[in-house]
Student: 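I have a structure I would like to understand better, so I am pasting it below and will then ask my questions one at a time.
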Amino acid sequence: MDEPKEVTIQNYKGWEDFYKIEKSAKLDFFMRDGRMLDILFSQQFDRKFLDNMCQLATQIRRMALTKMGARKLSGLLSHKRAMLYFVQPSTRTFISFLNACHILGMKISEIRGTTTSSEVKGESQEDTIRTFASYVDLIIIRHPEAGFAEKTAWLLNQNNLPVAIINGGSGPDQHPTQALLDIYTLERSFRNIGGMDGKKIAMVGDLKRGRTVRSLSYLMRNYKDVTLYFVAPEVFRMRDDIKSFLNKHHIEFHETDDFASVMPHVDAIYMTRIQKEYSEDPTSEAETYPAFHFKSEHLSRIPAHCAILHPLPRRYEIEVAVDNDPRAAYWRQERNGMWIRAALIAYIFSAEQVIFDEFS
Ligand code: CP
């Protein structure tokens, strides 16, 4: 297949100014009839919404256990269509969204990469999205550029096209639905020890360019007395925008490059990969920073209840020998993604009450 040869650059008046507005000041723009239409960044989620999504995800997975429940779920959104537009590589976000749509009975179209679309002829990505909006009710986007999903939602809303946009990962910026599944996994891990409130969480690795840790950090304002430990090599420290946000919301955080010293004191460890795809000179990062790897010898250093998470894919950050320890939560974490994404889609199309009523 051909690669796009020439990209058409279009000038959207007002977009640059809109993008600069602080996220918390433009939440209403992405809502319709009192609920979120577009899911673009973690600052959109409040505690009530997060608790609701976690409960809904659990209800959906319970319903899906029986043939009758699964059939009922698959009738809920059988009148809706979704487009998956993934122009940056993905395994679990793509597959979990695809299956979440299937669970709810939606019809799916997909483009993975640009080599089979009219972008090869130079069509802009904005026109491409607008074309999808002619055919579907929901567009899920994975894109290498920060802000691209927000731009398309802005564009469709400007034109009164009520098609929902979900950001399935936007460059090194945000991955809000990953943050949802991370919270769901943490809440389930802590269900017998009081939930998220008061917990100490270490985030480890490439915090500078890891969009998952950025989106998850934003969610911490919704929980009481959480403490974050940012454990990273000097070159990959958490960016100042996140640290300013945490300071503004009085969320305690500490920064260190001494992983071993943090291990005994935390309730969860969130490992991340060095994001080499964003390096200008990838060969300069041939190292994988072994001081920021979790090895089987570390299992004896962490508390008995400590959950080990990773958004995956992993490289060398977690030894495979750790996988069978009950505290290794990362495979559960990726399964949780499908259920909470189904919950999110049910919410967008106001189908959640039928699911809650099933068990009331
Ligand atoms: N966690 C995550 O976003 O994985 P993929 O890149 O495989 O979708």
Side-chain angles (χ1 to χ4, degrees), residues 39-42 45 53 57 82-103 108 110-114 138-150 165-186 188-189 201 203-219 236 268-279 282 288 292 294 307-318 320 322-323 328-345:
I39 306 297
L40 303 167
F41 37 80
S42 284
F45 307 147
M53 282 303 100
M83 176 80 209
L84 290 115
Y85 180 65
F86 275 57
V87 293
Q88 193 187 36
S90 166
T91 298
R92 67 224 85 229
T93 308
F94 182 87
I95 298 292
S96 63
F97 263 122
L98 186 77
N99 282 285
C101 290
H102 287 161
I103 288 166
I108 313 295
E110 61 171 76
I111 286 182
R112 299 197 79 173
T114 54
L138 167 67
I139 303 169
I140 303 161
I141 300 176
R142 160 72 60 101
H143 199 278
E145 191 182 309
F148 181 76
E150 185 181 332
I165 299 282
I166 297 180
N167 176 4
S170 49
D173 178 32
Q174 284 230 23
H175 196 348
T177 66
Q178 176 74 42
L180 285 181
L181 75 92
D182 293 341
I183 283 293
Y184 186 40
T185 304
L186 289 166
R188 285 171 76 82
S189 301
I201 299 169
M203 297 182 180
V204 185
D206 184 351
L207 307 184
K208 183 178 175 185
R209 304 171 302 180
R211 58 192 171 201
T212 65
V213 283
R214 291 173 55 76
S215 286
L216 185 57
S217 295
Y218 281 123
L219 292 192
F236 296 130
I269 295 174
Y270 191 105
M271 301 297 297
T272 67
R273 177 176 62 84
I274 302 297
Q275 309 276 310
K276 286 175 73 171
E277 60 271 40
Y278 299 115
S279 297
T288 61
F292 302 88
F294 191 93
I308 307 162
L309 282 76
H310 192 309
L312 304 177
R314 72 174 156 189
R315 295 204 65 213
Y316 304 104
E317 306 81 55
I318 304 179
V320 290
V322 175
D323 291 7
Y330 31 94
W331 299 113
R332 296 196 289 278
Q333 187 182 356
E334 70 171 16
R335 285 196 291 278
N336 289 339
M338 180 177 72
W339 300 112
I340 203 141
R341 286 172 172 136
L344 181 66
I345 294 167

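Along the sequence shown, residues are numbered consecutively beginning with 1. For ligands, and for the atoms within them, numbers begin at 1 and follow the listed sequence. As the structure is a prediction and not an experimental result, all values here were calculated from the model.
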Student: Can you tell me the protein heavy atom closest to atom 6 (O) of ligand 1 and the distance?
Tutor: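 The closest heavy atom on the protein side is R142 NH1, 3.1 Å.
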Student: Ligand 1 and P313, any nitrogen or oxygen pair closer than 3.5 angstrom?
Tutor: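 There is no such contact.
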Student: Quick check: does any side chain N or O of R341 sit under 3.5 Å from a backbone N or O of N99, one acting as donor and the other as acceptor?
Tutor: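 No, the answer is negative, given that no donor and acceptor are paired below the 3.5 Å cut-off.
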Student: Check each atom of ligand 1 against the heavy atoms of L312 and keep those under 4.0 Å away; list them by number with element.
Tutor: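 Counting from 1, the qualifying ligand atoms are 1 (N), 2 (C), 4 (O).
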Student: Any nitrogen or oxygen of P311, side chain or backbone, less than 3.5 Å from one on ligand 1?
Tutor: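 N/O-N/O distance below 3.5 Å exists for this pair.
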Student: Please report whether ligand 1 has a polar contact with R211, defined as an N or O pair separated by less than 3.5 Å (distance criterion only).
Tutor: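 Between R211 and ligand 1 (N or O atoms, distance only) the closest approach is not under 3.5 Å.
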Student: Using a 4.0 Å heavy-atom cut-off, which part of H175 comes near ligand 1: side chain, backbone, both, or neither?
Tutor: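 For H175, the contact with ligand 1 is made by the side chain alone.
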Student: Quick check: closest heavy atoms across E110 and M83, and the distance to 0.1 Å?
Tutor: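 Minimum heavy-atom contact is C-CE, 3.5 Å.
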Student: Looking only at non-hydrogen atoms, find the nearest pair between G337 and S96 and report the distance.
Tutor: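 Scanning both residues, the minimum pair turns out to be C-CB, 4.2 Å.
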Student: Which atoms of ligand 1 have any heavy atom of Q178 under 4.0 Å away?
Tutor: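 Matching atoms, with element in brackets: 1 (N), 2 (C), 3 (O).
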Student: I'd like to know if the side chain of R273 and the backbone of E317 have a donor-acceptor N/O pair within less than 3.5 Å.
Tutor: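 No, R273 side chain to E317 backbone: no donor-acceptor pair under 3.5 Å.
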Student: Give me the nearest non-hydrogen protein atom to atom 7 (O) of ligand 1 as residue plus atom name, then the distance to 0.1 Å.
Tutor: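 Heavy-atom neighbour on the protein nearest atom 7 (O) of ligand 1: T91 N, 2.8 Å.
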Student: Is a side-chain donor or acceptor of Q174 paired with a backbone partner of R214 at a separation under 3.5 angstrom?
Tutor: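 Pair absent, no side-chain N/O of Q174 close to backbone of R214.
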Student: Between T272 (side chain only) and V204 (backbone N and O only), is there a donor and an acceptor less than 3.5 Å apart?
Tutor: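 It does hold such a pair.
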Student: Residue-level breakdown please: for T212 versus ligand 1, do any non-hydrogen atoms fall below 4.0 Å on the side chain, on the backbone, on both, or on neither?
Tutor: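 Near ligand 1, T212 shows nothing, with every heavy atom at 4.0 Å or more.
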Student: Which residue supplies the protein heavy atom nearest to atom 4 (O) of ligand 1, what is that atom called, and how far is it?
Tutor: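 Atom 4 (O) of ligand 1 sits closest to the protein heavy atom R92 NE, 3.1 Å.
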Student: So does G168 get a backbone contact from the side chain of R142, meaning a donor-acceptor N/O pair under 3.5 Å?
Tutor: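 It does hold such a pair.
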